[in-house]
Protein chains: 2
Amino acid sequence: MTTQAQGLHARVLETLGPAITAGEYKPGSVLRTDELAERLEVSRSVMREAVRVLESMHLVESRRRVGVTVRPVAEWNVYDPQVIRWRLAGADRPRQLRSLTVLRSAVEPVAAGLAARNATPEQCAELTECALGMVATSRGQQLEAYLVHDIAFHRVILNASGNEMFAHLGDLVAEVLSGRTHHQVMFKDPDPPAVRLHVQVAEAVREGDAARAEELTREIAVGALQELDILAP
Amino acid sequence: MTTQAQGLHARVLETLGPAITAGEYKPGSVLRTDELAERLEVSRSVMREAVRVLESMHLVESRRRVGVTVRPVAEWNVYDPQVIRWRLAGADRPRQLRSLTVLRSAVEPVAAGLAARNATPEQCAELTECALGMVATSRGQQLEAYLVHDIAFHRVILNASGNEMFAHLGDLVAEVLSGRTHHQVMFKDPDPPAVRLHVQVAEAVREGDAARAEELTREIAVGALQELDILAP
DNA sequence: CGCGCTCAAAAGTCAGACTTTTACATCACA
DNA sequence: TGTGATGTAAAAGTCTGACTTTTGAGCGCG
């Protein structure tokens, strides 16, 4: 699943990144590249490259005569896919899933509305196929197969919206959905009403009914929020 | 405005990043670190660090025996603040502003609704202050002063939502708003109705009226979309 | 035609010397 | 005692050169 680290520098990142995002190095604490290089048994050049990347993610700040200081959480590039993966793998995964789900609940309805206007016939067909796949795997403990179709469905919606920023949230949504299946409850089959809603969204998009697609997707989002005990009015 | 490049490596980034995002190096084209280092008159170590950062932004991919290949636009980390800045500075700034504005229109109403539930008294006060500032500067060609208050207003809303992902869009919204003032039309004073809407949002948040805050913010968003000729039904 | 072998190109890694910035302490002077 | 100039050393930053590793591509052989 996770990209196997190729290159020494990537392996260092896979050590430091999760450690920092997990709060193992508290914000404000200072590291020294030389000491780190020695501890992780790599050359300083490799360590410097790793630090540069962490710096570009705003996880740390490197200053002369001071060292590499860990930045406060509020400054991290929390939309960086790698940062998201590290944080989801860490201890505050539940909090992460909540804030990402709230983001989904804001974005996906609008994306669905746009998809209804902009989806190509191919995308409509793909969407219908995903919905059918979801129906077919919604009973009998085929959770993994269901997940695949669910992810594909939401990805198509985001892509079909025609908006680049929405399209790029595909991986994020995939992480959230698979997180729900793997680490959340979800022992039993998915709720039939949720499955039906997906089918109806596919319908609405196919018919170009933007308002209905948006409203139906909003209902799906409300369901996702309720699953995580995030109150709705 | 733009962070003055400190460190040789940052200067290299400020050369390559804009060039790549502007399409000066087309996706698929290949660069060689040695050749680049020579051309930009820096050592290979510096160039390698820069390439690493570009790689972490998914702008390029570095493979042995091949070189550094520019990735297709669809794979870039378009939520990276630096990438956003580079793209906004480039040729397809209009397209960028559109897609970012659509994102805003999805996120900010939900954020405002959450803010109405979660805002602290301090945040409510700050919000009111921003709104008053907007009113005070809405006439007489004080566009810069107005912009400052406008940015502050939206930033407070996003922060007050209590959602980390929303809060991190503050810089993005700031870029969009300042882009509108500086590079768009906006010769004359802002529309009085828009100003009034902001005041009313502040009111709604103060009173904890989530539904009203969300609806009013949605009206603001519609206005922003219309300014860019993005159709509303 | 295809299979495997070899070669070289390019990134990757390392080590060491040197430069630059700058926090901190020290000291002189008011 | 407080304040400002000065010096020092610590840490990041830079450069260079040698070496290793991977791997695409060409070549020859079956």
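A note on names: the letters A, B, ... follow the listed sequences, proteins ahead of strands, and every chain is numbered from 1.
The list of side-chain hydrogen bond (donor to acceptor under 3.5 Å, both in side chains) pairs with a residue in residues 27-36 of chain A, not counting sequence neighbours, reads A:E35-A:R39. For residues 147-168 of chain A, every residue pair satisfying the salt bridge (Lys or Arg N to Asp or Glu O under 4.0 Å) rule, not counting sequence neighbours, is listed here: A:D150-A:R180, A:R155-A:D171, A:E164-B:R87.
In this view, A:E61 and A:R63, A:T69, A:R71 satisfy the side-chain contact (heavy atoms from CB on, under 4.5 Å) rule, not counting sequence neighbours. In this view, A:T101 and A:V176, A:A224, A:L225, A:L228 satisfy the side-chain contact (heavy atoms from CB on, under 4.5 Å) rule, not counting sequence neighbours. Not counting sequence neighbours, the partners of A:T128 by the side-chain contact (heavy atoms from CB on, under 4.5 Å) test are A:L132, A:R206. In terms of the ring pair (Phe, Tyr, Trp, His ring centres under 6.0 Å) criterion, A:Y25 has no residue partners (sequence neighbours excluded). When the salt bridge (Lys or Arg N to Asp or Glu O under 4.0 Å) test is applied to A:R104, the partners found at least two apart in sequence or on another chain are A:E108. With sequence neighbours excluded, the residues forming a ring pair (Phe, Tyr, Trp, His ring centres under 6.0 Å) with A:H154 are A:H198, listed by chain and number. For A:I84, the side-chain contact (heavy atoms from CB on, under 4.5 Å) partners at least two apart in sequence or on another chain are A:L88, A:L100, A:L172.
Contact between the side-chain N/O atoms of A:R52 and the OP1/OP2 oxygens of D:dG13 is found at a separation under 4.0 Å.
Both A:R63 and B:S62 lie close to DNA chain C; mapped to their nearest nucleotides by heavy-atom distance, the more 5′-ward contact belongs to B:S62. Nearest-nucleotide mapping onto DNA chain C: of A:R44 and A:H9, the residue sitting toward the 5' end is A:H9.
A salt bridge is defined here as a Lys NZ or Arg NE, NH1 or NH2 lying under 4.0 Å from an Asp or Glu carboxylate O, and B:R52 with B:E55 meets this definition.
Across the protein-nucleic acid pair, B:M47 atom CE and D:dG13 atom P stand 17 Å apart, rounded to whole Å.
Read 5' to 3', the first and last nucleotides of DNA chain C with an atom closer than 4.0 Å to a heavy atom of chain A are C:dT13 to C:dA23.
Near DNA chain D, defined here as any heavy-atom distance below 4.0 Å, the residues from residues 64-73 of chain A are A:R64, A:R65, A:G67, listed numerically. Residues from residues 31-40 of chain A with heavy atoms under 4.0 angstrom of DNA chain C: there are none.
Nucleic acid contact class of B:S45 (heavy atoms, under 4.0 Å, all strands): base.
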